[in-house]
Amino acid sequence: MSVNLQTPIDYLKGVGPNRADLLRKELGIHTYQDLINLFPNRYIDRTQYYKISKLQRNNADVQVIGKIIEFKEVAQKRGKRLVATFQDETGTMELVWFRGQKWIRENLKLNKSYVAFGKTNWFSGKYSMPHPELELQEEHEKNLRSAMQPVYPSTEKLSNSGISNKVIIKIMQQLFIETNGNYVETLSDNLRSELKLINKSSALFNIHFPKSQELLSRAQFRLKFEELFYIQLQLIIKNLVHKSKIKGFPFEKVGNYFNTFFKEQLPFELTNAQKRVLKEIRADLGSNAQMNRLLQGDVGSGKTIVALMSMLIALDNDFQACLMAPTEILSVQHYNGLLEMCNNLNISISILTGSSKTSERKKIHNSLENGELQILIGTHALLEDKVKFKNLGLAVIDEQHRFGVAQRSKLWHKNTSPPHVLVMTATPIPRTLAMSVYGDLDISIIDELPPGRKSIKTVHRYDKNRLNVFRFIRDEIAKGRQIYIVYPLIQESESMDYKDLMDGYESISRDFSMPEYQISIVHGKMKPADKEFEMQRFVKGETQIMVATTVIEVGVNVPNASVMIIESAERFGLSQLHQLRGRVGRGAEQSYCILMTSHKLSSDSKTRLETMVRTNDGFEIAEVDLRLRGPGDIMGTQQSGVLNLKIADIIRDNDILQLARFHAKNILKIDKTLSNSENQVILNTYKQLTKYKNIWNYIS
Ligand code: ADP
Ligand code: MG
């Protein structure tokens, strides 16, 4: 007899309408299936006994066999506590009671073997166990517990309504009785034998009622793999469908522009990472499918040259290309850079931004439409309807997190058939997350900086050390360097923040007074022209110090600036700190980042600061950020559903994720429609999952 797992939970013996209601509301459990997927948070291991000398400082619930050799009462602020010295052949620990002391004194026997069970604390050089469960060893052996006990997620409301962990265990046992513990297999024999995965029924049994630590591990592995495998399978299918539906322009040849540039103009040797990424892009461009690729690379990793060389391939195939950047400053920088690099190639390049003059615009519109203009660089202005290409073959978007998806798709429709799209970002999304969230984009990663970069030295200083910091600034300026000092600007407390900025500016002006020192100030309340003027003074080296809010976060390139001071650094997020730090370290000199904070720091702030001091690796920083904030807050993941994982953990189970992706890819490579008989199980499960969209509903 097989029980339908879609049966409402009300029908399970021992549940009833009230409990069913609570389970639905509190844990989202509607069906038998939902209940069986309620996985324990942890387990209490009562199969082992620990020696006192082997206890660990990990707060686990453990069992210890020993004898109470004495009791003492210890006075404390209010009342007293009862402390028993508990001893085994390896050492002593303390058992502690704050309540019920009379009963304990009267009922526990000295020098008799007891099994003590509970959480251990490490306190002034000793382990102690508050309010342990105690059982005489001889009693304990009569009703030996051989299995580990699951501890299920719960809510206050549930436990207040009498649905304790014990009750959930009971209900779960009932479920296994009614279903005979027999569940439909959801992975193919091939996969199971190749990866030595235990079968579904055994996995479900052992995840709830593990027979041993080993079986628990295998159950967890199998279920995590399965969860991640089906997510990856769906993402990859989505990607394949996209590729087969949308035809791209095959760029068949690599021609003169690319080759001449490569042989004669390339200003430096490409890093291995750049070469690898270029290969990936070339393969995409040469295929019949439309490229949709995300290029991730830390600040300064050299994405621009990759973009340029990709655009040259488009030109070699008689197509036009465009490069869109989020700010005018950045567009101008790209324009000048590309002009210089393409100096001898005889390519027509223009720039279009909000401040382009009307006559200039007209010229650009015309030469775009008749195909004379080959590369167009610019801001959002590129998206205006008037901007029409003759044959746009490749669109590159820089710092894609500044643009919405809608804008990306607008670029797509600049042609009869969508151009290849390359989006570049320096906001590293952890690999693991990128794989699950952007599974429908292909991803390239530049994970190597050009040679010879001196890594930026980062330190954390408290406000009271400000005098030392100022002395350091003075020394650096004396060496000819320039300094950024950045203040936070958080929307909610805007006026306070401006006050901080202006106070800071004043005190800096006092310490670094004219005419010896010149200071620029830039913030969001200034007119664009004034901002630009101040910025230019700094770029030209006329001012030595730039006091600013985070407007400088993106794009500014002043290689001579070698010190970044971030005020109230505890108020910035990790990715913002990393972006800001990326403004220095662009020249030949040793650069520094100084994180200034007050003395009061939350533990998250401390972690952020320590991370910044420890590493310059944007991906590592992104991983910490993800751990601190959870995936929900990270750009673009809000609707992604990675939060809804039932058992796998997107960070800790990275290895399993890779494995799952690898196998999902492999299977689809050989059997795109999952129609081979050996993949029948996978197809059925896939259909089932997309039919009962619960955790899968984000894959639309
Ligand atoms: P980002 O990835 O932040 O956009 P850029 O493309 O602006 O980085 O490159 C940063 C700097 O590194 C530029 O000055 C660029 O010329 C230089 N650069 C890029 N690739 C290399 C390389 N392979 N060797 C040496 N310098 C490089
Ligand atoms: Mg860049």
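Order of listing sets the numbers, starting from 1, for every ligand and every atom in it. None of the values given here were measured: they were computed from a predicted structure.
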Taking atom types as modelled, is there a side-chain donor on T271 or Q274 under 3.5 Å from an acceptor on the other? yes
Could you tell me whether ligand 1 has any atom less than 4.0 Å away from a heavy atom of S301? yes
Any non-hydrogen protein atom below 4.0 Å of atom 14 (O) of ligand 1? no
Using a 4.5 Å cut-off on heavy atoms from C-beta on, say whether the side chain of L373 contacts that of H365. no
Taking distance alone, with no angle check, do K303 and ligand 1 share an N/O pair under 3.5 Å? yes
Side-chain ion pair, R293 and E280, N-O less than 4.0 Å: yes
Out of E340, E269, Q333, the nearest non-hydrogen contact to atom 23 (N) of ligand 1 is supplied by E269
Please confirm whether G302 comes within less than 3.5 Å of ligand 1 when only nitrogen or oxygen atoms on both sides are compared. yes
Is ligand 1 under 4.0 Å from a heavy atom in the side chain of D298, in the backbone, in both, or in neither? backbone
State whether the number of non-hydrogen atoms from other residues, nucleotides or ligands found under 6.0 Å of F262 atom CZ is greater than 12. no
Go through ligand 1 atom by atom and flag the ones less than 4.0 Å from a non-hydrogen atom of L270. 23 (N)
Would you say ligand 1 has an N or O under 3.5 Å from any N or O of G300? yes
re atom 20 (N) of ligand 1, the protein heavy-atom contact at minimum distance is Q274 NE2, 3.0 Å
Identity and separation of the nearest protein heavy atom to atom 19 (C) of ligand 1: F268 CZ, 3.5 Å
Is atom 25 (C) of ligand 1 in close reach of the protein, with a heavy atom under 4.0 Å away? yes
Could you list which atoms of ligand 1 come closer than 4.0 Å to a heavy atom of T271? 23 (N)
When distances are taken from atom 11 (C) of ligand 1, the protein heavy atom at minimum range is R453 NH2, 3.3 Å
For a 4.5 angstrom cut-off between non-hydrogen side-chain atoms, does K390 reach E369? no
Nearest heavy-atom pair of L574 and L628: which atoms, and what distance? CD1-CD1, 4.4 Å
Counting each atom of ligand 1 from 1 as listed, which ones have a heavy atom of T304 under 4.0 Å away? 4 (O), 5 (P), 6 (O), 7 (O)
What do the steps show when you test N616 against H578 for side chain to side chain donor-acceptor pair (under 3.5 Å), and what is the final call? CA-CA 8 Å; N616 278 305; H578 181 62; 5.8 Å; no
Can a cation-pi geometry be assigned to R474 and F512, taking NZ or CZ under 6.0 Å from the six-membered ring centre and within 45° of the ring axis? yes
Cation over ring face, R581 and Y592, 6.0 Å, 45°: no
